[in-house]
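To start, the structure under review is shown below, and the notes come after it.
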Amino acid sequence: MRKLHVIFKRIFIAAILVLASILAVGCSGKHSENESTESEESRFLYVDNGYSACCNGILYFTEPAFGSEKEPFVYTVDINTGECMPLCAKPECLHNDKECNAYLDGLTGCNPLFAVSGSRLYWRSFKKEAEGIATVLYSMDLDGSMRKEVMTLDNELEETMNVGFLGVYGGKLFRCGSGEEVRNSDPVCMVTVYSQELSGKSEPKILFREEGYNAIVSRMHEGTLYVACFANGEDRKLLILSYNMDDDTLTELYSGNEHPGSAQSFFIIDDKLLFSGGRTAYSFSIGEKRFDTIWHDDDNGVLHISEDHAFVSTSPSAYKCIDLSTETALTGEFPSECLDGRFKYCLGSINGVYYFLFEGNVKSKKSVLASYDPNENNFRVLAELP
Amino acid sequence: MKKYKKILAVMLVAVTVLTCFPVLGNATTGSRSIYLDGARYTASYYVNIKQSLNRARAGITVNWVSGVAGNPCSGRVSVVAVDNNLNVIGGSVATFSISVGNISVSKSCSFIPDDNIPIYLAQGGYHVETVEWTLDSAPVS
C-alpha cells in the first residue's frame, strides 16, 4: 500500500512538472507573439525619434523635447479609433501635475527614448545626485501604473549619447546614441552602442564606439539590432552594422559614402533597410549590398515613406503625397488648427496612416496631434494637447 | 480711390507673406549669472547656424565664480533645426555637470543634415539646475 502511495506521489509530481512546462512554453510563445506584433505594427514608425513607440494598436508619445517649457506627459492614441488621452488611469486625476501617472519627471529638455517591451513601457530620465546627474532607466505598466526605477545607467557613456535609441530585448537594455565632447575647444563627435543586463548588476558592455560619426539611427528586428551611423558634412560616410542579440555577434553590413543621403530613421522589410526622413528615400539590400532610390524630391524638404506612399511638405502649409506604385501625387493643405507657424514632427506611419505632431514654441500655442490617411487624402486632428 | 485700392492690395500681400512665410533664426549669444546652493556661476551660451557647413550648433560654458556649493551644478544644452517648410529635421542635446572644486565646464551639441537640405535654426535650449531659458527663433506668423 505504501509502495503504491509512493508511485502515485511520483506520478503526481511528474504531472505537475509536465503541466508547468506546458504553461511555461505557452507563456513564452505568447511573449514572442507580442514582440513580433510590436515590430509589425510599428514598422514605419520612427522608433528612434525618442518620443514615440507603438505596441498592440496603441501609440505612446510625448511632446518632443523642444524647449523645456513643455510639460512631459505621456499620451496614448488608439490607432483604430484615434482616441487620444494621457497614460493615467488614476481616478479623479486632472492630468495636470506631477502626481499624474502620465507625468515624466526629470526629462528637462531631453527626449525620453520610449521603448515598449513585453507589458512594460521603458524610458530614460535624469536624477540629481550628490556626484552630478544620474541617468536612470525607468519602466511602468502599459496603463501607466507600477512605475519603477530599473537601473542607473553609466554616466560616462551616457554623457556622449543623448540623442539616439533605447531598446529592451532578452532581459537586456540596448542603447545607441550620438553626441560630442569638447576637446581643446573643438567638438569631437562620436557614436556609441552598448548593452547592459536590466538587473543593473553587471557592467555595461560596449558593442561599438567610434569617433567621426555625428548621427545614429537604430532599430530592432527579429533578434537583431541594426545600426546606421552617419557622418554628415564634409567627410560624409555611412556605416551600417547588425548585432545579433542572441549570440552577441557584430557584423559590418556596409561602410562607404555611396549612400544617397541622410535619414531620420530606417525600417526593415525582408532583407532591405528602407531609409526615410531625408531628401531621398532609399533602400539598402543587405544581400546585394546595394542602394536603390525609392523617391527623390529636389524641390521640397524631407520625405517620409510608408508601405506605399511618400509624404513631403511643399510649403509650411501644404503637402504632397505620392503613391509609389502609380507615381501619382495627392496634394492638400494642412488643417488650419495645425498651422500658425507651428513646427511639424513626423512620428512615422502605422498601417499606412501618417502621424504628425504640430508644435509651436510659443507658450500660448498648444501642440496638435493629427493623422493623415493617403487613401482619403484627409487630415484628422486627433487631439489638442493641454 | 485707386490709391486706396493699391494700398489695400499691398497690405494684403504683406499680410499674406507674413502669414505664410516664417522668419527663421540667426546666431545668438548671451550670458547670465546663476546662483545655486550658496555658489555663483556664470553661463555663456550661443546658438548658431553655420551656413557654409549647413550645421546648427548650441553650446554653453559654465564657470564657477564664488561661494561654496554643496552640490554639483548640472544642466543641458540643446539645438533643433527645421527646413524651410517648418519640418523638424533634427537636433541634438548634451548634458553637463560641474563638480565642486572644478572651475569650468564646456559642452556643445550640433546637428548636420546631409543631402544639402538648407536648415534653419528653430531653437537653442538651455537648462541649468532649475533655470531654463531658450534662444528662441520661433517662426513669426
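Chain A is the first sequence line, chain B the second, and so forth, proteins listed ahead of strands; every chain is numbered from 1.
Note that SG of Cys189(A) is 6.5 Å distant from CD1 of Ile112(B), once rounded to the nearest 0.5 Å. In this structure, CD on Glu180(A) lies 6.5 Å from SG on Cys109(B), to the nearest 0.5 angstrom. A distance of 11.5 Å separates OG in Ser106(B) from CG in Asp186(A), rounded to the nearest 0.5 Å. Taking CZ of Arg76(B) as the reference point, atom CG of Leu107(A) lies at 8.0 Å (rounded to 0.5 Å). Taken to the nearest 0.5 Å, the CG atom of Asn85(B) stands 12.5 Å off from the CZ atom of Phe343(A). A distance of 5.0 Å separates NZ of Lys344(A) from CG of Leu86(B), quoted to the nearest 0.5 Å.
Interface remark: Thr135(A) contributes no atoms to any contact with chain B (heavy atom separation under 4.5 Å). At a 4.5 Å heavy-atom cutoff, Thr61(B) makes no contact with chain A through either its backbone or its side chain. Interface residue Phe96(B): only backbone heavy atoms are found under 4.5 Å from chain A. Looking at Gln264(A), the atoms closer than 4.5 Å to chain B (heavy atoms on both sides) all sit in the side chain, from C-beta outward. If you measure heavy-atom distances from Tyr319(A) to chain B, you find no contacts under 4.5 Å at all.
Checking side-chain atoms of Lys128(A) against main-chain N and O of Ser74(B) turns up no donor-acceptor pair under 3.5 Å.
By the side-chain contact (heavy atoms from CB on, under 4.5 Å) test, Ala281(A) pairs with Ile294(A), Leu303(A), Ile305(A), sequence neighbours left out.
For the set Ile133(A), Val312(A), Asn300(A), the entry with the most heavy-atom pairs within less than 4.5 Å of chain B is Ile133(A). Ranked by heavy-atom pairs shorter than 4.5 Å toward chain B, the options Gly164(A), Ser313(A), Gly277(A) are led by Ser313(A).
No side-chain heavy atom of Glu129(A) sits under 4.5 Å from any side-chain heavy atom of Pro72(B).
Within the structure, salt bridge (Lys or Arg N to Asp or Glu O under 4.0 Å) pairs that include any residue of residues 157-166 of chain A comprise Glu158(A)-Arg175(A) (at least two apart or interchain).
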